[in-house]
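Have a look at the structure below before the remarks.
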Amino acid sequence: MSPDQLDDLLQKGMEAAEKGYIHSAQVFLGQVAEHRNTPELKSYLAYCLAKGQGRMHSAAKICRESIKREPNNSIHYLILGRILLLSKEKGKAIDIFRQGLRTSPNPLIIDELKKLGVRKPAVLKSLKRNHPVNQVLGKIFDFIGLR
């Protein structure tokens, strides 16, 4: 297979993954993986693994290895953040997205952060946001409409 054909398959696979067509993405990316072994390809395959098969831990591990190999590629942070969101680890995902933005202003990361929404300030600013008193007061104030 020629390099141009591999690039085309890689692009199709990444687009399919972005659109949520996980099975198609796995097929395209799997064909590329037979000839190439790049960190970006591994990250997208890891996302397919997490989304398609629910193997969050191994997918996150693959992305972390890709980040070690290419720490300045924000795509790895994007994919790892999405995997963390799938595994219900929103706080960690936000931290990873922010790390990715420090490497480069990736519009896909910005979109992910916008989807998550802006957090409201802590009720008692003298306490940490995850303090139980702040959490309970936040829920009460939200319920009665004061937030």
Side-chain angles (χ1 to χ4, degrees), residues 1-123 125 128-132 134-139 141-143 145 147:
M1 200 173 281
S2 74
D4 289 339
Q5 289 173 319
L6 289 173
D7 289 340
D8 187 46
L9 283 174
L10 178 61
Q11 190 62 37
K12 285 180 182 179
M14 291 183 337
E15 287 173 6
E18 291 297 328
K19 291 178 182 175
Y21 304 131
I22 300 304
H23 180 69
S24 298
Q26 284 177 317
V27 171
F28 290 131
L29 297 172
Q31 290 175 358
V32 176
E34 292 174 7
H35 304 281
R36 288 187 185 165
N37 188 16
T38 65
E40 193 169 284
L41 175 64
K42 283 186 172 187
S43 288
Y44 270 100
L45 282 170
Y47 178 65
C48 293
L49 184 69
K51 188 129 178 154
Q53 299 175 13
R55 296 176 53 195
M56 308 300 173
H57 180 72
S58 55
K61 184 178 177 182
I62 292 168
C63 282
R64 285 189 176 96
E65 289 170 5
S66 295
I67 288 173
K68 286 179 185 175
R69 287 182 61 193
E70 290 184 344
N72 295 322
N73 188 343
S74 63
I75 291 293
H76 305 307
Y77 297 93
L78 170 71
I79 301 299
L80 178 57
R82 286 177 176 171
I83 292 169
L84 291 171
L85 284 176
L86 288 172
S87 61
K88 310 280 191 255
E89 297 182 60
K90 184 178 177 181
K92 289 181 182 179
I94 291 171
D95 291 342
I96 292 295
F97 286 144
R98 288 183 178 152
Q99 285 178 21
L101 283 178
R102 284 192 287 268
T103 63
S104 67
N106 187 327
L108 295 173
I109 293 177
I110 294 169
D111 289 344
E112 290 290 339
L113 286 170
K114 283 181 182 176
K115 285 182 204 173
L116 293 172
V118 178
R119 296 175 75 181
K120 297 175 185 171
V123 177
K125 294 183 184 3
K128 290 185 177 183
R129 120 181 266 89
N130 64 351
H131 192 280
N134 255 338
Q135 291 178 337
V136 170
L137 285 176
K139 289 177 184 176
F141 281 23
D142 189 48
F143 180 75
R147 265 175 78 91

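Not measured: the values here are computed from a predicted model.
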Residue from Ile83, Ile79, Leu78 passing side-chain contact (heavy atoms from CB on, under 4.5 Å) with Ser43:
Ile79

Show me the donor-acceptor pairs within less than 3.5 Å that the side chains of residues 50-60 make with the rest of the protein, sequence neighbours left out.
from	atom 1	to	atom 2	distance (Å)
Ser58	OG	Arg55	O	3.4

Side chain to side chain donor-acceptor pair (under 3.5 Å) involving [X] - partner list, sequence neighbours excluded:
X	answer
Ser74	Ser104, Asn106
Asp7	Arg36
Glu40	Asn73

Could you note down all residue pairs passing salt bridge (charged side-chain N to carboxylate O under 4.0 Å, His left out) where residues 58-74 supplies at least one of them, sequence neighbours left out?
none

Restricting to non-hydrogen atoms, name the atom on [X] and the atom on [Y] that form the minimum distance, rounded to 0.1 Å.
X	Y	result
Gly13	Ala25	O-CB, 3.4 Å
Val123	Asn134	N-OD1, 3.3 Å
Ile109	Phe97	CG2-O, 3.4 Å

Can you list everything that forms a salt bridge (Lys or Arg N to Asp or Glu O under 4.0 Å) with [X]? Sequence neighbours excluded, please.
X	answer
Lys125	none
Asp95	none
Glu18	Arg82

Nearest-0.5 Å distance that lies between atom [atom1] in [X] and atom [atom2] in [Y]:
X	Y	atom1	atom2	answer
Lys139	Leu137	NZ	CG	11.5 Å
Gln99	Ile96	CD	CD1	4.5 Å
His131	Lys128	NE2	NZ	10.0 Å
Ile75	Tyr44	CD1	OH	4.0 Å

List the steps, then state whether side-chain contact (heavy atoms from CB on, under 4.5 Å) holds for Leu6 with Leu10.
CA-CA 6 Å; Leu6 289 173; Leu10 178 61; over 6 Å; no

Could you tell me which residues satisfy side chain to side chain contact (heavy atoms under 4.5 Å, CB included) with [X], sequence neighbours excluded, listed by chain and number?
X	value
Ile67	His76, Tyr77, Leu80
Phe28	Leu9, Lys12, Ser24
Lys92	Leu84, Glu89
Lys90	Leu85, Ile94, Leu116

